[in-house]
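Okay, so here's the structure we're looking at.
Just follow the structure's listing: the first ligand is 1, and inside any ligand the first atom is 1.
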Amino acid sequence: MAGKDFVFKTLLLGDGAVGKTSIRERYMGKGFSGSYSKTVGADFASQRMKVEDNNITLQIFDLAGQDAYATSRKSFYKGGQSALLIFDVQDPDSLYNLNRWIDDAVENSGGSVGTFIILGNKADLVETRQVSNEMAIDYSRQLAAKTGYTFVFLETSAKTGLNIQIAFDIITNKLLKKFNIDINLDLPEGIELISPGEAGASGGSSGDNQKEIEELNNRIKALEDKFAKLAQIVKNLVDKS
Ligand code: GDP
Ligand code: MG
């Protein structure tokens, strides 16, 4: 069978400072830099590879996590097929915000972004870690149940390089599968495949409760945002008068 050319657009999503830029740079072979410089807008890198007879170009868009860039973020979702959802194992909030990143990606891409992988980054920071594997898998199951997507979860470190290559291999593989090209990957240990059906089986009612709590928390956050905006409007009015 003759090979084909594929261009895949993949997005690196997650809160600020979880390690999106570092993961991209590590994957592109640029090594690891310990200092933190905010990504403004979006950065882009392109990786070519040959899988069997197929030429694949993986375009990697590294999006800024800061809300200030919400508008510029939007246009970058367009035409994307996949996303690496990244959280920092030191920061539970960055895990629990992943549902928003999924919603954001699906909405702003008009549904074209539909292939995901979840990465718990900074796995090298053992002392300050706050998210256990179980927590991450449990939350990934809730996400799968809620969204209907299948996730692969793995831990990464942009610092040591742990699982960075395999993360991109898995996402490429998932994308190729949609074209009936199936590559056998040698998966290291600790990789969890999470399908939508699993949540009910293992989560039971406590899973439901957690989901409810999470949804309530999201609503509270949304209300808080609205109040903050209202407060600003009132303040502006008072300042003017
Ligand atoms: P972004 O805002 O998501 O793009 O995050 P950056 O890639 O800029 O990383 C934020 C900070 O976390 C930087 O100081 C990085 O050096 C650091 N960092 C990123 N990934 C890792 C990692 O795997 N391990 C450790 N120890 N630090 C990391
Ligand atoms: Mg960045």
Closer than 4.0 Å to some heavy atom of Ala158 - which atoms of ligand 1 meet that? 20 (N), 22 (C), 23 (O)
Does any N or O of ligand 1 fall below 3.5 Å from an N or O anywhere on Lys20, backbone included? yes
Check this for me, if you would: do Lys235 and Asp239 make a salt bridge, where the nitrogen-to-carboxylate-oxygen distance has to be below 4.0 angstrom? yes
Side chain, backbone, both or neither: Asp124 near ligand 1, heavy atoms under 4.0 Å: side chain
Among Lys122, Arg26, Arg24, Gln90, closest by any non-hydrogen atom to atom 21 (C) of ligand 1: Lys122
Enumerate the residue pairs fulfilling ring-ring contact (aromatic ring centres under 6.0 Å, His included) with a member in residues 118-148, sequence neighbours excluded, ordered by first and then second residue. Tyr96-Tyr139
Which ligand 1 atoms, with their elements, are less than 4.0 angstrom from a heavy-atom of Ser157? 23 (O)
Under 2.8 Å from the Mg ion (ligand 2), is there an N/O/S atom belonging to Ser22? no
Going through the checks in order, is the side chain to side chain donor-acceptor pair (under 3.5 Å) test met by Ser157 and Asp124? CA-CA 6 Å; Ser157 168; Asp124 60 286; 2.8 Å; yes
For Gly19 and ligand 1, does the shortest N/O to N/O distance drop below 3.5 Å? yes
Can you sort out which atoms of ligand 1 are near Leu125, meaning under 4.0 Å from one of its heavy atoms? 26 (N)
Check each of Val89, Asp88, Ile23 against Asn121 using the side chain to side chain contact (heavy atoms under 4.5 Å, CB included) test, and report the only one that passes. Ile23
Distance check, rounded to the nearest 0.5 Å: Lys50 atom NZ versus Asn55 atom CG? 4.0 Å
Classify the contact between Asn121 and ligand 1 as side chain, backbone, both or neither, using a heavy-atom distance cut-off of under 4.0 Å. side chain
To which of Ser22, Ser94, Gly120, Gly16 does the heavy atom nearest atom 9 (O) of ligand 1 belong? Ser22
Dump the intermediate steps for salt bridge (charged side-chain N to carboxylate O under 4.0 Å, His left out) on Arg24 and Asp62, then the final yes or no. CA-CA 7 Å; Arg24 175 173 53 81; Asp62 168 5; 3.1 Å; yes
Those residues at least two apart in sequence (or on a different chain) that pass side chain to side chain contact (heavy atoms under 4.5 Å, CB included) with Ser140 are Ile118, Phe153, Ile194
